Amino acid sequence: MIKRFFIPVLCATSLLLSSCASSQKNSATQPIPSLKEIFKNDFAIGTALNTAQIEEKDAKVDALIKQQFNMATPENIMKAEIIHPQWDKYDFTVADKMIEYGEKNNIKINGHTLVWHSQLPAFARNIKNVDSFKTFFSNHINTVAGRYSGKIFSWDVVNEALNEDGTMRKSIFLDRLGDNFVTEAFRLAAAASPNTELYYNDYNNEQPAKRAGCIALVKKVQAAGVRIDGVGIQGHWHAGKVPFKDIEASILEYSALGLKVMFTEVDIEVLPRNFSGADVSQRMKEDPSLNPYVNGLPDSVQQQLANDYAALFNLFLKHKDKITRVTFWGVDDGQSWLNGWPVRGRTNHPLLFDRALQPKPAFYKVIETKKNEKKGF
Ligand code: G3I
């Protein structure tokens with residue numbers, strides 16, 4: 001039933017834009033609709049970019065990025081490990097290129113990320129002395145946020161500081177600086193980059209317990225009189241298990257704090273795993289049964305993915321007055337970090353564009369949500 005309904009609707013949608021077949025076969029000549037255009041009055045549409053993309057190495061990928069997105073987040077190159085490799089040495093080479101890329105292409109940049117326990121440089125992980133760690137912490141934020149002040153649209157100031165139960169994660173920051181480190185990070189970032197929007201970013205913070213912890217954290221920053229502009233819900237979800245009710249409750253509750261809400265790292269994975277979230281230290285053993293779609297997605301899974309994305313965008317449109325941005329964690333399936341995590345060497349399919357850079361059924365279903373909204377469905 002779902003299948004019979006789905007295919008004609010999909011083709012009808014595509015026909016309005018180009019033909020169903022030609023959008024696949026003739027992508028070089030047939031323009032596909034642009035997400036950033038379709039949703040331009042609703043929210044920004046972003047993507048994560050890796051170094052090759054920032055350096056415009058592949059003309060086809062580059063054209064797709066410029067056609068589809070008006071915001072971008074560096075997938076790795078502004079993380080401390082890369083941008084601040086030694087105590088007194090910073091490497092801004094690729095980060096500077098990203099800023100230029102954004103300026104040139106009218107793509108706003110969300111910096112990612114000033115304070116994160118993961119991908120820290122070795123020297124920082126080894127600082128035992130509290131005063132030295134404090135110096136590293138403030139030097140890092142002042143230098144990196146200060147360099148891009150006036151040039152960068154927003155920062156994920158603190159990333160993933162919470163446990164699943166809403167308590168503070170036992171990170172090196174908590175250990176060396178105590179639980180005020182989040183407030184201090186925002187205070188430093190606001191001083192170093194006064195016109196940049198400042199966000200707290202996490203995964204699973206739509207889940208009730210973690211959401212409560214996140215709200216408490218935000219209130220603490222606000223109570224200290226320190227500026228925080230928004231909360232990012234990363235959105236690493238699983239096909240067939242997207243927590244729509246929790247997402248909606250989170251949009252409402254975060255927004256009630258006077259914050260902008262954004263979805264910062266959206267992907268919907270289709271491969272099996274036995275836990276949720278995006279804690280990069282969690283891994284699973286390799287096993288061929290965990291990699292079932294090497295040659296492409298079966299129709300039923302493709303439809304599940306498309307329906308999940310459609311339901312998600314219907315929800316985003318319903319709350320577009322509260323949501324400022326939806327960022328996908330990658331341009332196409334070939335780039336996705338989910339090909340390498342939590343099991344190495346898998347073939348995952350979590351995004352709207354496939355490995356050949358072709359829009360998937362999920363892409364057209366997302367476009368359709370806007371058409372249906374206009375019709376008042
Ligand atoms: O830079 C090295 C390179 O020198 C080396 O040759 C290569 C060999 O594996 O590894 C390279 O580093 C990899 C790095 O990405 C850059 O490609 C790391 O192994 C790999 O672990 C790292 O993964 C990134 C991950 O964060 C690490 O924490 C993913 O690309 C990136 O998508 C992912 O992004 C995070 C967000 O920042 C925060 N939220 C969760 C999200 C997904 O994990």
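From a predicted model like this one, the values you see are computed outputs, not experimental measurements. When a ligand or atom number is given, it counts from 1 through the structure's own listing order.
When only interatomic distances are considered, the shortest N/O to N/O separation between E265 and ligand 1 falls below 3.5 Å. The shortest N/O to N/O separation between N159 and ligand 1 does not fall below 3.5 Å.
Using a 3.5 Å distance cut-off with no hydrogens or angles, the side chains of E248 and H319 do pair a donor with an acceptor. No side-chain donor-acceptor contact under 3.5 Å links Q53 and D62. For T167 and N163, the side-chain atoms include at least one donor-acceptor pair closer than 3.5 Å.
The protein heavy atom nearest to atom 38 (C) of ligand 1 is E160 OE2, 3.3 Å. Looking from atom 36 (C) of ligand 1 to the surrounding protein, the closest heavy atom is H112 NE2, 3.4 Å. Ranking protein heavy atoms by distance to atom 23 (O) of ligand 1, first place goes to N76 OD1, 4.3 Å.
When W116, Y203, W337, W329 are ranked by how near their heavy atoms come to atom 34 (O) of ligand 1, first place goes to W329. Between K79, Q119, R344, E81, it is K79 that holds the heavy atom closest to atom 33 (C) of ligand 1.
Note on ring orientation: taking the six-membered ring where Trp is involved, the planes of F173 and F133 are perpendicular (angle over 60°, cut-offs 30° and 60°).
The nearest protein heavy atom to atom 31 (C) of ligand 1 is closer than 4.0 Å. Protein heavy atoms are found inside the 4.0 Å sphere centred on atom 42 (C) of ligand 1. For atom 3 (C) of ligand 1, the nearest protein heavy atom lies 4.0 Å away or farther. Within a 4.0 Å radius of atom 10 (O) of ligand 1, the protein contributes no heavy atom.
The side-chain tip of R325 does not point at the ring of F263 from less than 6.0 angstrom away and within 45° of straight on.
Tested against H112, the residues T264, D156, T73, T327 include a single side chain to side chain donor-acceptor pair (under 3.5 Å) partner, D156.
With rounding to the nearest 0.5 angstrom, the NE2 atom of H84 is 7.0 Å from the CG atom of N139.
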